[in-house]
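Note sheet for the following structure.
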Amino acid sequence: MDWSFIGAHVPDYLEGAWVTLRFGLYGVLCSLAVGVLCCLVRYFRIPVLRQVAAGYVELARNTPLLVQLFFLYAGLPRVGIRLSAEACAVIGLTFLGGGYMAEAFRSGLDAVDRSQAEAGACIGLTPAQNIRYVIFPQALATAVPAVFANVIFLIKETSVFSVLAMMDLMNVADTLRTGGGRTVEVLFMLAAAYLLILLPVSVAATLVERRLRYAGFGDSRPV
Amino acid sequence: MQGLGIHVLFEGINFQRLLGGLWVTLRLALITIGLSCVFGLLFALLMLSRKPAAKVFCRVWLEIVRFMPQLVLLYIVYFGFARIFGWDLDGETSAVLVFTFWGAAEMGDLIRGALTSIPRHQAESAAALGLRKSQVYRYVLIPQTLRRLTPQAINLSTRIIKTTALVKMINVAEVLKVGQQIIGQFYRQPDAAFWVYFVIFLLYFLVCWPFSVLSGYLEKRWA
Amino acid sequence: MSEPILRVQDIRKSFDGSGVLRGVSLEIREGEVVVIVGPSGCGKSTLLRCINGLETIDSGEIRLHNEVISGRKKDLHLVRQKIGMVFQSYDLFPHMKVMDNLLLGPVRALGRPREEVEKEALQMLDRVGLREKADVYPRTLSGGQKQRVALVRAMLMNPELLLLDEITAALDPEMVSEVLNVVIDLARGGMTMAIVTHEMRFAEAVADRILFLEDGVILEESDPETFFHSPKTERAARFLQSFTYASRRDGAEKQSKNNPQG
């Protein structure tokens, strides 16, 4: 292992990590928004939109991100829709992640007893208040582990951004590998970089889940 | 050339070529799924063993798999192993190796989860009926484990199918690569790329979606 | 006599083609306690659920203070602010402490100031013997305690009518009376209530009027004295008889009073 090579290229990796992290984060945030939206549409059984959401979730969950990105980045421009690499990255990750987040939230909502909504209605809450104060907090608590699992999954999936013209971690590594031939060092740093990004996320997930369990307001139900 | 670019798919044997490319990844996925089941069972038994060393070994394995993007693992094996061990693996071998390394750990964790999810009193009450230990497994524990496991294992299988799309990145001539070749031949048809990638997207969906539906159905039925 | 608070006129409701309510009419006057009894599946719970709009009705009309409330959708929450309901399954909100459970409706739905409601809530908790539980999560309470909190939660909305749907059905036997005593206390205070219950002795003690519901129609309507001791219909007599059998198996001390015809 050539440590001086590694030391010399830390800045390159930092830049790559920043790209990966930034667009990963945008993707995750947009996914959360799309997920909540889909979930609400299905919860309130809004006609038409509800079927659209269901179809979208299936499409998103049953196709690889790589293929989605090829379609966005190399397919769409041919019919006049030109998107930058960055836009493709965020849109692609959101398309994928929105479906996964929607499912996570839905399983959270399913876990909330229907009678809770009735009890909320019976003390005169409006449907919106009912969602906000009664249903959603409980659904969220159940959904948190799945949501964190999705966040980790999505950040891992950002490695596929390397097919786009953007200097994310994978492309930084690839450029160094093909340029200098220090394959072992290059790959070592790549793996280390992903580990350093994902470890804090995983620790945060454990902490939040533990807190929710200790607060333990719910009846203990088997996971 | 005029008209919609979708016709390029029906020129000559283009569509068959595309399906052939899809089969390359599907075959890899099937091999991976088979191997993952076998090694997953071993992995689960290892996780459940009383030896602390075995547990730590599994834990570390599982964490690596959870933290490392599959693409990074592919790079390490495909580009790295030649340098580190002098093994010059081809793309397909690397893919099976990496995806099995990942799939076995995930499958093992699912099997472990399914096994431990069965309440202790199920085995106890079966034993109280005078069943022999083998009978307890045969009639009570294994059927319940399979019911819990099957939907999740099918889910993992669709994930494996989707993930094998990544072999594109290590120069395996799979469906995206074939698609690019077709687009290259028909470079005068400007919207060919749009249709080719769109059809690949749909093909993946058509392969994965039935598994998702089946998994969802079994989950509901056996819940 | 005063105008009825609630007037239910010939309501019908069916699930999947089978009629659960087949033309039910009733009136409840201010301060009156009406107890609805009948065999399981006779439509008692559905009747209560229709009254506060948890189920839509197929035909008929429900009026609260002469204002039609059935068939409304948009401002149903305004109706429910006037009609309280407590269920068999308590349905406290598990993610909120007892006090927050109590405040949610009055503060959010009615927009009352928090401090004022809090004071009132503490008084009410005190009245049901749970003042020291204001700061705990519901999961730490026993079933009887949960149900008393649920009653307080409903009462804090100052409802004009309170619907109680088998509120002791999920309770361990020794906790039944602690809950029902609260209800009797409310009845003494003049609360207007419609109660569905299987506790016949409680029904007799608390009711001004008994409605006997079977197969989705009201078969008998009498004062408790008449209903429990000389029911007018043969079906009501048979229904009451079934409790006697159950009572004999339970033990000797429970029989006697409920037994209509010896």
Interface check, chain A: of B:Trp195, B:Tyr197, B:Tyr75, B:Phe201, most non-hydrogen pairs under 4.5 Å belong to B:Tyr197
When you look at CZ of B:Arg27, are more than 12 heavy atoms from neighbouring residues, nucleotides or ligands closer to it than 6.0 Å? yes
Can you tell me if B:Phe39 has over 12 outside heavy atoms packed within less than 6.0 Å of its CZ? no
Comparing A:Leu65, A:Asn62, A:Thr183, A:Leu195 against chain B, the one with the most heavy-atom pairs below 4.5 Å turns out to be A:Asn62
Close side-chain approach of A:Lys156 and B:Leu71, heavy atoms under 4.5 Å: no
Under a 4.5 Å heavy-atom cutoff, which of A:Thr158, A:Leu169, A:Val186, A:Asp174 has the most pairs with chain B? A:Asp174
Just how far is it from atom CD of B:Glu174 to atom CG of A:Leu66, taken to the nearest 0.5 Å? 7.5 Å
B:Trp209 and A:Leu59, any side-chain heavy atoms less than 4.5 Å apart: no
Just wondering, are more than 12 heavy atoms of other shown residues or ligands nearer than 6.0 Å to CZ in B:Phe211? no
With rounding to the nearest 0.5 angstrom, report the CG to CG distance, B:Asp191 to A:Leu76. 12.0 Å
How about CZ on B:Phe198, more than 12 heavy atoms from neighbouring residues, nucleotides or ligands closer than 6.0 Å, or not? no
Residue selection (most heavy-atom pairs with chain B, distance under 4.5 Å) from A:Ile152, A:Leu72, A:Leu199: A:Leu199
Non-hydrogen side-chain atoms of A:Phe70 and B:Ile200 separated by less than 4.5 Å: no
Check each atom of B:Leu176 against the heavy atoms of chain A and say whether the ones under 4.5 Å are side chain, backbone, both or neither. side chain
Is the shortest heavy-atom distance from the side chain of A:Glu58 to the side chain of B:Ser212 under 4.5 Å? yes
Contacting region of B:Leu166 [heavy-atom separation from chain A under 4.5 Å]: both
In terms of heavy-atom pairs under 4.5 Å with chain A, the winner among B:Met68, B:Lys162, B:Lys168 is B:Lys162
Take atom CZ of A:Phe148 as the centre, draw a 6.0 Å sphere, and report whether it contains more than 12 heavy atoms from other residues, nucleotides or ligands. yes
Can you tell me if A:Phe44 has over 12 outside heavy atoms packed within less than 6.0 Å of its CZ? yes
Taking the six-membered ring where the residue is Trp, are the ring centres of B:Phe67 and A:Tyr194 under 6.0 Å apart? no
Inter-residue atom distance B:Gln70.CD - A:Glu157.CD, 0.5 Å rounding: 7.0 Å
Structural part of B:Glu63 lying under 4.5 Å from a heavy atom of chain A: neither
Closest approach of B:Ala193 to A:Ala74 (non-hydrogen atoms, all atoms of both residues): CB-O, 3.5 Å
Can you establish whether the number of heavy atoms outside A:Trp18 located under 6.0 Å from its atom CH2 is more than 12? no
In Å and rounded to the nearest 0.5 Å, what is the OG1 to CD1 distance from A:Thr63 to B:Ile161? 13.0 Å
Can you name the side-chain hydrogen bond (donor to acceptor under 3.5 Å, both in side chains) partners of B:Arg66, sequence neighbours left out? B:Asp109
